[in-house]
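Quick one: the structure is below, and I'll ask about it shortly.
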Amino acid sequence: MGKLLGQLTILIVDDDDLLKSEADALGHPAIAFSALSPKQVSASKGSLSDRDIVVVGVDTPGGLDLVADLCSRPGMPPVIALAGRAPHGKSLEHTLLLAELRGAALSLPKPIDGVELALAAIELIRARSGSGAMAHVAKDLERRLDW
């Protein structure tokens, strides 16, 4: 697993500028977003084990293949797949299901704001580890949704 000691580290692998700005706008001290392009991550061949969650946009060419590649790497953190549109007449649900079949731990539709993405990541970590370590962060984020 990543370095979930006091800060949840989430890597965004997507060229979606709106998603990146949503992540930047979150501004929570317990959550650190970083971003790399799909080409950078594809070329790296590393496990990205220094992250707790990897978020991959699958509505771009090669996005589903990137999910399959990442999920097959040893020591990889959980992958969340995001899609806002489906290619060539397929449904969005079909694209998200394909991402899960290729190994994504969770798939979600876009647009998604930073709070919702962080909450999904926390819930995924909590479900996998059984730890309530980020419960206070989740409650803080849930309050933001109520505004």
| field | Residue list, side-chain hydrogen bond (donor to acceptor under 3.5 Å, both in side chains) with Ser37, at least two apart or on another chain | value | Gln40
| task | Would you kindly confirm whether Ile31 and Leu82 end up in one hydrophobic cluster when ILVMFWY residues are joined by side chain heavy atoms under 4.5 Å apart? | result | yes
| task | Write down the atom of Leu108, the atom of Ala120, and the distance for their closest heavy-atom approach. | result | CD1-CB, 3.7 Å
| request: Please round to the nearest 0.5 Å and tell me the distance separating atom OG of Ser42 and atom CG of Asp65. | output: 8.5 Å
| note | Applying side chain to side chain contact (heavy atoms under 4.5 Å, CB included) to His94 and not counting sequence neighbours gives Lys90, Ser91, Leu98
| For Asp140, which residues count as a side-chain hydrogen bond (donor to acceptor under 3.5 Å, both in side chains) partner, sequence neighbours excluded? | His28
| message | List the residues meeting side chain to side chain contact (heavy atoms under 4.5 Å, CB included) with Ala23, not counting sequence neighbours, and say none if there are none. | response | Ile12, Phe33
| request: Please check if Val115 and Leu8 belong to a single hydrophobic cluster, counting links between Ile, Leu, Val, Met, Phe, Trp and Tyr side chain heavy atoms closer than 4.5 Å. | output: yes
| message | Would the distance check show the side chain of Glu22 and the main-chain N or O of Gly114 forming a donor-acceptor pair, the cut-off being under 3.5 Å? | response | yes
| task | Could you pull out the closest heavy-atom pair between Ala30 and Val137, with the gap in Å? | result | CB-CG2, 3.5 Å
| query | For the atom pair CG (Leu119) and CG (Leu117), what is the distance rounded to the nearest 0.5 Å? | reply | 9.0 Å
| said: Using modelled atom types and a 3.5 Å cut-off, is there a donor and acceptor pairing between side-chain atoms of Ser107 and backbone atoms of Leu97? | reply: no
| query | Do any pairs count as a salt bridge (Lys or Arg N to Asp or Glu O under 4.0 Å) and have a residue in residues 70-80, sequence neighbours left out, and if so which ones? | reply | Asp69-Arg73
| Quick one: salt bridge (Lys or Arg N to Asp or Glu O under 4.0 Å) pairs with a partner in residues 80-89, sequence neighbours left out? | Asp59-Arg85
| task | Please name all residues satisfying side-chain hydrogen bond (donor to acceptor under 3.5 Å, both in side chains) with Asp15, sequence neighbours left out, ordered by chain then number. | result | none
| task | Establish whether Leu106 and Met76 are linked, either directly or via other cluster members, by ILVMFWY side-chain heavy-atom contacts under 4.5 Å. | result | no
| field | Lys/Arg-Asp/Glu bridge criterion (N-O < 4.0 Å) met for Glu142, Lys139 | value | no
| note | The remaining residues in the hydrophobic cluster of Leu92, counting side-chain heavy-atom contacts under 4.5 Å among Ile, Leu, Val, Met, Phe, Trp and Tyr, are Leu96
| query | Residues in salt bridge (charged side-chain N to carboxylate O under 4.0 Å, His left out) with Asp24, at least two apart? | reply | none
| What is the distance from atom CG of Leu141 to atom NE2 of His136, rounded to the nearest 0.5 Å? | 10.0 Å
| request: Identify the heavy atoms of Val58 and Ala81 that sit nearest to each other, and give their distance. | output: CG1-CB, 3.9 Å
| query | Are Val56 and Ile53 joined in one hydrophobic group, where the rule is that I, L, V, M, F, W and Y side chains link up if heavy atoms are under 4.5 Å apart? | reply | no
| message | Quick check on the hydrophobic clustering: are Leu124 and Ile112 connected, directly or via other members, by side-chain heavy-atom contacts under 4.5 Å? | response | yes
| query | Between the main-chain N or O of Val41 and the side-chain N or O of Ser44, is there a donor-acceptor pair closer than 3.5 Å? | reply | yes
| field | Residues in side-chain hydrogen bond (donor to acceptor under 3.5 Å, both in side chains) contact with Glu116, at least two apart in sequence or another chain | value | none
| field | Considering all heavy atoms, the nearest Gly75-Ser49 contact | value | O-CB, 3.5 Å
| task | Give the intermediate values and the outcome of side-chain contact (heavy atoms from CB on, under 4.5 Å) for residues Val54 and Ile80. | result | CA-CA 6 Å; Val54 176; Ile80 297 176; over 6 Å; no
| request: Only counting residues at least two apart or in another chain, list the ones meeting side chain to side chain contact (heavy atoms under 4.5 Å, CB included) with Asp16. | output: Asp14, Leu18, Leu19, Lys110
| query | Who pairs with Ser34 by side chain to side chain contact (heavy atoms under 4.5 Å, CB included), at least two apart in sequence or on another chain? | reply | Leu11, Arg51
| request: Measure from the side-chain N and O atoms of Glu100 to the backbone N and O of Ala105, and report whether any donor-acceptor pair falls under 3.5 Å. | output: no
